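Input: one structure, supplied below.
Throughout, protein chains are lettered first and strands after them, A, B, ... in sequence-line order, and every chain is numbered starting at 1. The structure presented is a predicted model; accordingly, all values stated were derived computationally and were not measured.
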Protein chains: 2
Amino acid sequence: MPRPRLESREKLLPNAMMLFWKNGYHATSIDDLVKATAVARGGIYADFGGKAEMFEACLDLYRQEVAAPAIAILNSEHAGLDAIEGYFYHFIDMHRRHGLPGPGCFIANSMTEIAPHEDAIRTAVNAHSKDLHAAFLGALSHAGSRSNANLSQATLNELALFLVTSSQGLWSYARSVTDISLLESYVRSLMGLLHSRFS
Amino acid sequence: MPRPRLESREKLLPNAMMLFWKNGYHATSIDDLVKATAVARGGIYADFGGKAEMFEACLDLYRQEVAAPAIAILNSEHAGLDAIEGYFYHFIDMHRRHGLPGPGCFIANSMTEIAPHEDAIRTAVNAHSKDLHAAFLGALSHAGSRSNANLSQATLNELALFLVTSSQGLWSYARSVTDISLLESYVRSLMGLLHSRFS
DNA sequence: ACTGTATAAGAACGATCATTCTATAACTGA
DNA sequence: TCAGTTATAGAATGATCGTTCTTATACAGT
C-alpha cells in the first residue's frame, strides 16, 4: 500500500527494453512491464503516453546503449576488415554470455514484427540501417584502399549494403539455434568471402 | 443464420497462412481468421485444436507450398551459382508483385517471433534450415567441382551455412524497406562475392 | 511541523482475446 | 422422404489486454 520510494524509475526503460527485446512487442504486456520494473502502472502512462510510445523509447535506448557502441567499433580510426570481424564477435560474445536461443538484435526483431505495420518503428529501424551502412562503408573503404583489388566506390557501397542486410540474418538465426558455433561459422565464412574479394 | 455450404473449408489453411505470414502470430486474432476464411469459429477448433496448432499447420503448409518449390530450384540437376541466384530472385520477384514493405518469409518471421519460445516452431524452423542448407551445399558443390578454386568440403559446407543464415536477413529486410532495388543489390553483392571465391 | 507534489499500489473499465457452446440448416446416404 | 451427420452463425464465457482513476504515502521546500 505505501511506497518504497527507491530509484526504480531509473530502471524502468532498461528493464522494459530487455522484455521487449526478448519477447517482442505483442507478447509483452503492461503487467509484465510493471512486474519487471517495479514501476506503477500509471507511471508508464505519465512518462510515455502508452505502450507503443514506450516501445519506441526502448528502441531508441537500444540504439544508443547497445547498437551505437557496436557501430563505434566500425567507426574507429583505422577500422578495416578486422573491425568488421570485431563488430560481429561483439554481438556473438553477448550471445555466448546469454545462452541460446538468445534475444538476437532488438532492431532486427522489430524489423520483422513491427516495422511493416508502424511507420515510426520503420523509420527508426531504417535510420539504424543507414548508420550501420555508413559504418560498414567506412571500414570497407579503408580495407579497399589498402588492397590491390581496386574495388570501385559503387562496389564498396553495395558491399556495405550487403553486410547490413546479411547481418540481420545472423541475429534472426541467434533466436532459433542452440549451438553458438553456427554463429561463429557465419563470421568465418563472411570474412573468407571478404578477404577473397579484397585480394 | 444458415450455411452457404461452399467449399470454404479448403481455403481455411491457405488464407490463414497469409494472415500469419503478413502479421505474425500474436497480431492475428481468431476473429481475423474467421473473417478472412469464412470458416466458422468452431471449425478451427474441430480441425486443429487451437490457434497454436493451426499456426503450426500453416507453417507446414508454407514449407510445402512456398519454400519447397523455391528449394527445388537449388536441387535441380545441374544447379550451380546460377541456381543460387535464381533462388533469391524467385523470392524477390514475389515481393515485386506484392509491393514493399512485403511479407518476407514466413519461416524467417517465425524464427524471430516464435522460435525462441515454442519448441515445436523452433523444430520446424530448424528442419527448414537443414533442408535449405543441404540444397545450398549441393549447388555450391557443383559450382566447386567446375571451378579452379579447389575449395574443401568443409569450406563449402560453411559457405552453405552462411547462405542459410545470410538469406534470413534479406527476408527481414523485405519487411522494412520500400525500394526493391535494395533487395536486388543484396543478390548482386552476394553473387559477386561467390564468383570471386570460386574463381 | 506543515503543505504540496510526486509516485506507489492496485481497483476499475471497456475492449478484445482464445475458447466453448447452442441452435439452425445444408448436405449424405438410405 | 427421412434420419444422421456436418458445418454454419453467433451468443456466451472467463481471462487478459491496454488504459484510467483513486487512494495513500514518501518526499522536498518552507
Side-chain angles (χ1 to χ4, degrees), chain A residues 1-61 109-110 113-114 117-121, chain B residues 1-61 109-110 113-114 117-121:
Chain A
M1 311 74 182
R3 231 188 23 151
R5 196 64 182 238
L6 52 162
E7 73 290 0
S8 62
R9 204 64 166 260
E10 300 170 11
K11 294 186 177 176
L12 208 187
L13 261 192
N15 285 336
M17 184 188 77
M18 283 305 305
L19 279 185
F20 280 134
W21 184 1
K22 285 188 206 169
N23 304 326
Y25 179 77
H26 288 106
T28 303
S29 70
I30 300 287
D31 246 28
D32 294 335
L33 295 169
V34 168
K35 281 173 194 157
T37 60
V39 165
R41 282 181 116 61
I44 291 174
Y45 293 88
D47 285 6
F48 300 99
K51 187 185 176 185
E53 291 85 352
M54 192 187 189
F55 184 83
E56 290 178 41
C58 287
L59 196 60
D60 288 342
L61 182 68
N109 301 345
S110 305
E113 190 192 1
I114 309 296
H117 311 104
E118 294 291 332
D119 288 347
I121 300 301
Chain B
M1 314 76 176
R3 230 184 29 148
R5 197 61 183 240
L6 53 160
E7 71 292 0
S8 62
R9 204 66 166 259
E10 299 169 13
K11 294 186 177 175
L12 208 186
L13 262 191
N15 285 337
M17 182 188 78
M18 283 305 305
L19 279 183
F20 281 134
W21 184 1
K22 285 189 206 167
N23 303 326
Y25 179 77
H26 288 106
T28 303
S29 70
I30 299 287
D31 246 28
D32 295 333
L33 295 170
V34 167
K35 282 173 194 155
T37 60
V39 165
R41 281 180 117 63
I44 292 174
Y45 292 88
D47 285 6
F48 300 100
K51 187 185 177 185
E53 291 85 352
M54 192 188 191
F55 184 82
E56 290 178 42
C58 288
L59 197 60
D60 288 341
L61 182 68
N109 301 345
S110 305
E113 189 191 3
I114 309 295
H117 310 105
E118 294 292 332
D119 288 347
I121 301 300

With side chains defined as the heavy atoms from C-beta onward, is the minimum distance between Ser110(A) and Phe55(A) less than 4.5 Å? yes

Lys35(A) NZ to dG10(C) P, in whole Å, measures 12 Å

Hey, what are the protein-to-nucleotides 16-18 of chain C N/O distances that come in under 3.5 Å?
from: dA18(C); atom 1: OP1; to: Thr28(B); atom 2: O; distance (Å): 3.4
from: dA18(C); atom 1: OP1; to: Lys51(B); atom 2: NZ; distance (Å): 2.5
from: dA18(C); atom 1: OP2; to: Ile30(B); atom 2: N; distance (Å): 2.8

- request: Compare all side-chain heavy atoms of Leu12(B) with those of Met54(B) and state whether any distance is below 4.5 angstrom.
  value: yes

With a 4.5 Å limit on heavy-atom distance, are the side chains of Leu19(A) and Tyr25(A) in contact?
no

Check your understanding: Are Phe20(A) and Asn15(A) close enough that some pair of their side-chain heavy atoms sits under 4.5 Å apart?
Key -> no

Checklist entry - Would Asp31(A) and Lys35(A) satisfy side-chain contact (heavy atoms from CB on, under 4.5 Å), going step by step from the backbone distance to the final call? => result CA-CA 6 Å; Asp31(A) 246 28; Lys35(A) 281 173 194 157; 4.0 Å; yes

Between CG of Leu33(B) and P of dA9(D) the distance, given in whole Å, is 15 Å

Phe48(B) atom CZ is separated from dT20(C) atom P, nearest whole Å, by 15 Å

